[in-house]
Protein chains: 2
Amino acid sequence: MKEHYEVIKNAFRPLEIGEDRHLEFLEFWEVVEYSKGSFLTESGQVEHYFYVVLEGVQAVYILTPNGDKKVIGFSFDGRFSGIYDSFLKASGSHYFLEALTDSKLLRMNKAQYDSLFELYPEFNEWGRVVHQELLIGRVQREVELITMDAKERFDVFMKRCPEKLLTVPQKYLASYLNMTPETFSRMRKRIS
Amino acid sequence: MKEHYEVIKNAFRPLEIGEDRHLEFLEFWEVVEYSKGSFLTESGQVEHYFYVVLEGVQAVYILTPNGDKKVIGFSFDGRFSGIYDSFLKASGSHYFLEALTDSKLLRMNKAQYDSLFELYPEFNEWGRVVHQELLIGRVQREVELITMDAKERFDVFMKRCPEKLLTVPQKYLASYLNMTPETFSRMRKRIS
DNA sequence: CATATTTCTTGATATAGATCAACGTTTCAA
DNA sequence: TTGAAACGTTGATCTATATCAAGAAATATG
């Protein structure tokens, strides 16, 4: 597990995990692998894990009554993953979490996660700040969905899209931007 | 301030503020009033306060380049209010926070808010949980905006809309549901 | 490597909901 | 209380983007 210390340390920044405790903290994690197309969690299930991504790209999406996937977000190297609301509330998820590429992740279960806050009260501050960041990010996306048309969403997304994400099929990116693959393709063409 | 103890206590649930501390805690707050149509915060300003609403309804919105208001959310009796991201990061806000009715609120400033977490470490847990709830709520709204058409958004909203909100001009509700007042009016008619 | 499957592109058409316009109704301020 | 302003309704259009269709390109699989 030691080889993953840097990844975990970065993921939890700015929290400083004391030198004395980091070996103990590493014990919380286990490595899991998922192959492309497999599901970490499916709709209806409870999310039992909290993840840090080592390799690969994953997507969270919902399935609408007419069967289209609507992508809510992506996760990749060095970031957290999981169906966070289901995990926190230990209640059934409405989402799918799918590995879009072969993936390797670290995970801990709910009991371990909860014990973090008991064992190390300073994690509460980390939790507060991380939730705050996530919240700001979600509101940002909401504003973009509301105020921008397809062209603007495409342009803004492309400007700040990390390379990794461009390796997944375009239909997932299109869905994340709340447009059809056809529209995405036309936005793309427009540039050249 | 003592007369507001119940409101504050409820707002911060499930956090238990120890009997010994609650008088001290009450000292953090001051009462402010805003008349209908006035702004608690305007775009460009930094939000200096964190609010608990005693009376009235407030809306958060952004102004698009073509000058339409896009309502992001409402706050009312017993709930928190403020431009939370600007407040937390002490950076300029892109939002307007407007009193839609005459309003009375409790507020504390950023220094006081920060000191809460230093003086009372148990507030970190409260902060973590509150941010978690807010996050879940925002994702919920995002999913509804993405997956539902105007009719569905209207129906779902009406089913769970608190009475208070129906007193504000319909154009604000329409904007919150990401539709024009005309469309809102037509959705309304459809029912009867 | 070959071919089956999935993804991407391009054009033609359809449609939800926006926009525009005009009028009725409510709210507000003097 | 009254006139002016803001808000709500209704109908006629317009438009961005979805949907449908069909072929081309890429990718996966035996």
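As the structure is a prediction and not an experimental result, all values here were calculated from the model. Here is how names work: the chains are called A, B, and so on, in the same order as the sequence lines, proteins then strands, and each is numbered from 1.
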Listing time: all N or O pairs from protein to nucleotides 14-17 of chain C that are below 3.5 Å?
residue	atom	partner	partner atom	Å
C:dG17	OP1	B:Ala150	N	2.8

Check your understanding: Is the B:Phe80-B:Tyr51 ring centre distance short of 6.0 angstrom?
Key -> no

Point to revise | Pairs touching residues 71-90 of chain B that satisfy side chain to side chain donor-acceptor pair (under 3.5 Å), sequence neighbours left out | key: B:Gln58-B:Ser75, B:Ser75-B:Ser81, B:Asp77-B:Lys164, B:Tyr84-B:Tyr113, B:Tyr84-B:His131

Review point. Where does the angle between the aromatic ring planes of B:Tyr120 and B:Phe28 fall among parallel (under 30°), tilted (30 to 60°) and perpendicular (over 60°)?
Key: tilted

Exercise for review: Evaluate the side-chain contact (heavy atoms from CB on, under 4.5 Å) criterion for residues B:Ile62 and A:Val143: first the C-alpha distance (whole Å), next the side-chain angles of each, then the deciding distance (0.1 Å), finally the verdict.
Suggested key: CA-CA 8 Å; B:Ile62 53 175; A:Val143 166; 3.4 Å; yes

Point to revise | Strand contacts (DNA chain D) in residues 98-105 of chain B, 4.0 angstrom heavy-atom criterion | key: none

Exercise for review: Rounding to 10 degrees, work out the angle separating the end axes of the helix from C:dC1-D:dG30 to C:dA30-D:dT1 (five pairs an end).
Suggested key: 60°

Exercise for review: Please say whether the positively charged group of A:Arg153, taken as NZ for Lys or CZ for Arg, lies over the ring of A:Phe184, i.e. under 6.0 angstrom from the six-membered ring centre and within 45 degrees of the axis.
Suggested key: no

Revision key, fill the gap. Tracing side-chain contacts under 4.5 Å among Ile, Leu, Val, Met, Phe, Trp and Tyr outward from B:Val46 reaches none

Study note, to complete from the structure: Grouping ILVMFWY residues whenever side-chain heavy atoms fall under 4.5 Å, the cluster of B:Ile136 otherwise contains none

Check your understanding: Relative to each other, are the rings of A:Phe50 and A:Trp126 parallel, tilted or perpendicular (30° and 60° limits)?
Key -> perpendicular

Review point. Between A:Phe96 and A:Tyr61, how do the two ring planes meet: parallel, tilted or perpendicular, split at 30° and 60°?
Key: parallel

Exercise for review: Give, ordered by number, those residues of residues 58-75 of chain B having at least one heavy-atom distance below 4.0 Å to an atom of DNA chain C; if nothing qualifies, reply none.
Suggested key: none

Exercise for review: Could you work out which one of C:dG11, C:dT9, C:dT7 sits closest to the side chain of A:Lys171?
Suggested key: C:dT7

Study note, to complete from the structure: With a 4.0 Å cut-off (strictly under) to non-hydrogen atoms of chain A, the first and last hit nts on DNA chain D, 5' to 3', are D:dT17 to D:dA28

Review point. Do B:Glu30 and B:Tyr49 meet the criterion of a side-chain donor-acceptor pair at a distance under 3.5 Å?
Key: no

Check your understanding: For nucleotides 22-30 of chain C, read 5' to 3', which letter fits each nucleotide if B means a protein heavy atom sits under 4.0 Å from the base, S means only the sugar-phosphate is that close, and - means neither?
Key -> ------S--

Practice item. Each residue besides B:Met148 in its hydrophobic cluster should be listed here, by chain and number; the cluster joins Ile, Leu, Val, Met, Phe, Trp and Tyr at side-chain heavy-atom distances under 4.5 Å. Key: B:Val156

Check your understanding: Should the ring pair B:Phe117 and B:Phe123 be called parallel, tilted or perpendicular, given that the plane angle runs from 0 to 90° and is split at 30 and 60?
Key -> perpendicular

Practice item. Show which residues join B:Leu145 in its hydrophobic cluster (side-chain heavy-atom contacts under 4.5 Å, direct or indirect), or state none. Key: A:Ile146

Exercise for review: Describe, in one word, how the ring planes of B:Phe25 and B:Phe12 are oriented to each other, choosing from parallel (under 30°), tilted (30 to 60°) and perpendicular (over 60°).
Suggested key: perpendicular

Exercise for review: Could you tell me which residues satisfy salt bridge (Lys or Arg N to Asp or Glu O under 4.0 Å) with A:Arg160, sequence neighbours excluded, listed by chain and number?
Suggested key: A:Glu144

**Study point:** Partner of B:Leu105 by side-chain contact (heavy atoms from CB on, under 4.5 Å), out of B:Val31, B:Val52, B:Leu40
**Key:** B:Leu40

Point to revise | Under 3.5 Å side-chain donor-acceptor pair for B:Gln45 and B:Ser93 | key: no

